[in-house]
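Working notes, structure below.
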Amino acid sequence: MSYLEELNPIQRQAVTTIEGPVLVIAGPGSGKTRVLTYRIAHLLQNHVPPWEILALTFTNKSAREMKERIEQVVGPSAQKVWAGTFHSIFARILRYEADKIGYPSSFSIYDTDDTTSVLKAIIKEMNLDPNVYHPSAIRSRISMCKSNLITPILYRQNVDMMQQDRAAKRPYVVDIYEQYIARCFRSGAMDFDDLLYQLYRLFQQNPGNVLDKYRARFRYVHVDEFQDTNFLQYAILRLLTKYDGSPENVFIVGDDAQSIYAFRGATIDNILDFEKDYTNLQTFKLEQNYRSTFHIVSAANEVILNNRRQLPKTIWTNREERQKIKLLRCLTDDEEGRRVADLILEHKHRYHLPNSDIAILYRTNAQSRKFEEHLRKLNLLYRVYGGMSFYQRKEVKDLVAYLRLAVNPQDEEALRRVINFPTRGISDATIGKLSAAASAHEMTMWEAMISVPLDVTERAKKSMAQFRKMVEAWQSRATSDSAARLASDILRQSGLFDFMKNDTSPEGLGRMENLNAVLDAISEFVDSNGPGADDDTELDFLRRPGEEASLAAYLQTITLLTDADEKNDGTDYITLMSIHSAKGLEFKSIFVTGMEEGLFPSFMSLEDPNGLDEERRLFYVAITRAKEFLTISYAQNRYRYGQIKACEPSRFLEEVGTDHFEFVGGLGSARLNAHSQPTMPSQRGASVSGNFSTPRRLKPPPVPPKAAANFQASPAEYIVEGVTVFHQKFGEGKILSVEGPAGNKIATIRFKNDDMSERRIVLKFAKLQVL
DNA sequence: TGACTGTGGGTTTTT
DNA sequence: CCCACAGTCA
């Protein structure tokens, strides 16, 4: 029982309370994951069979980590615990039970792009204006409905919602919603919300007593990050664990202060409801922070105090004081990028940090570019998360669409995607007729292709017949043949391979590589999930041999992956990600960037106190990711929509006591100007340093006095081709080239407001400041 | 059919 | 500024 000794008394109590409902309120860095994993390990040690244990998380990554850590304590039986994301576990259950609610077990999963594209098609068919019925806005409204169990019928009965739609001049949203549901169903497809919603329906309707089966099976249920669950997720949890005679072994872990998904329907009410619904509840509060040093923990406490509603708790640490929080004031977003990169380099040397100890966090993904630029200049390796995942790339989606079609030909989105790609003589006009026929008969395009005679050319008919034959051939092999072989045949027979192989550009080769990577991934998937992967299947009624290795299972898995789930190849890189994706992670050195009003907090939230509180929690999450070094930066001017805009420092900075900050030297190295008297006056608000021409001003003064006051020459090594510099006499200019030996370099510069087109300037003498 | 151009619109966060 | 999309041309 040595693992119990690694826990503090409260943690140990929580872990060893194995009967009845348990709520663990866990502050950042308080050993939340440890408690969760050790609790499961403890169950296993006490002879609870692994398949009776369910653990639900939000990301694949945390599920994987959890499994690994359980395995370290109890060995391989950990792999049989049902640990995964809500979406992936539910997809798996739905795969087994699909027929009970009228879906094929090989149902497709529509990702956000698929969903949007279905909505676009519906909007178009209904002759509605896509500028009014903005597809992505409709998508989020539908998503909101599903997450709150609002069916189209309830929608129509809901006076408020109907009123909202009328007020927004889009009274037909509910009709789109209805159409959308019908289409998805016909196509044998579920979107992300359906994976929860349809499971709820299944459980609620309980055909064949299916719910009782799962109740009996999952006797120990765990939920991580409970503060991020939405109404629907909680409803499912309740169905599963709250009933007459239930042992109510529900173990939930969360922190209201880290709730950052309210915008997606997560609600703190779930924690409060949990206390009401499970009356035997035992609550444990983990308040000791083992992660971060003093200034970081204190700053976090001070900030979160400004939120209105929260469960009372105080996070404390007995880790030593160490570093203060570095605060970087930068003139522009570009300078922010440069200085963060510089600081990282310096940091690495001074403290011998590997790249993997460092992360740059930001509010919006678009901010990554500046950092990438400057990290590249310093030859620092980095990886950006939150971009397009592997499976979202066009070529991969194309191949996957073919695979989806082989498994489920009703999949309309897949069909649309590939029916004429690569081109096979089925024109847009033909596709339009096919689609219209399908709608008219309330069937899928695939069905229409089979049974509705179309008024098209013989050539088009022939092409369609050929296409059909090809897909049918794959379809007949989909369940019997090896997924890997089938996929490889599909790549060739579809014409994708031939289409791609002609492209020998570097990008083309990369795309080809990606396709091969999909094939490899399928082989690997089959190997690790195939028959024999599990030796006591008969005890685990959900594991049917072979089923888990099917092509359908693979396709359903990959749609739920994000780029955070891609394997890293062991290289040592700096992490760049949004704060949202950093939730649950920790790094020795964290940079929280872009701390400006309107950016963080986001301008979308400025009007709304709840929104602001959520932004504040997000800031709380951001700074508590840091173990030892925390650097916070903001820019006074930032490009937005291609134009430079003056920015105020974020209000959140004022909420941290100045004694936790160290103001770092550099160009804008005054104190935080919002609440202490700036040592350099006139850096606020609209007084954009004049070296940027504001769009409305026709002729900016040639030597803006304010910029001159702030002028600080940059070292010669920063002056390289392509950078923008400021010269005290000539103003803003761009470096066209740099030549000559080190120490005696000459730069060719084009200044914006200068009669001469170019000037050659000897760097040794000239004072230039990189902007 | 594909490649190119202009324009219009948009930035919050994600399974 | 950056992207997606519609429309035009070869």
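Lettering follows sequence order; numbering is per chain, from 1.
Screening R417(A), K397(A), R416(A) against D114(A) for a salt bridge (Lys or Arg N to Asp or Glu O under 4.0 Å) leaves a single residue, K397(A).
One C1' atom belongs to dT11(B), the other to dA6(C), and the distance between them is 23 Å to the nearest Å.
Of all heavy-atom pairs spanning D193(A) and S143(A), the tightest one is OD2-OG, 2.9 Å. When all heavy atoms are compared, the tightest approach of D194(A) to A189(A) is OD2-O, 4.2 Å.
Residues that satisfy the ring pair (Phe, Tyr, Trp, His ring centres under 6.0 Å) test with F185(A), not counting sequence neighbours, are Y103(A). Remark: H87(A) engages no residue in a ring pair (Phe, Tyr, Trp, His ring centres under 6.0 Å) (not counting sequence neighbours). Not a single ring pair (Phe, Tyr, Trp, His ring centres under 6.0 Å) links F390(A) to another residue, sequence neighbours left out.
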Quick tally for nucleotides 6-15 of chain B: nucleotides whose base has a protein heavy atom under 4.0 Å get B, sugar-phosphate-only ones S, the rest -, giving ----BBBBBB

Reading nucleotides 2-10 of chain C from 5' to 3' and marking B where a protein heavy atom lies under 4.0 Å of the base, S where only the sugar-phosphate is that close, and - otherwise, the string is S--S-----

Which pairs of donor and acceptor atoms, one on a side chain in residues 599-607 of chain A, lie under 3.5 Å apart (sequence neighbours left out)?
{"residue": "S602(A)", "atom": "OG", "partner": "M604(A)", "partner atom": "N", "Å": "3.0"}
{"residue": "S605(A)", "atom": "OG", "partner": "S602(A)", "partner atom": "O", "Å": "2.8"}

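Y261(A) carries R264(A) over the face of its six-membered ring, with the cationic atom under 6.0 Å from the centre and within 45° of the normal.
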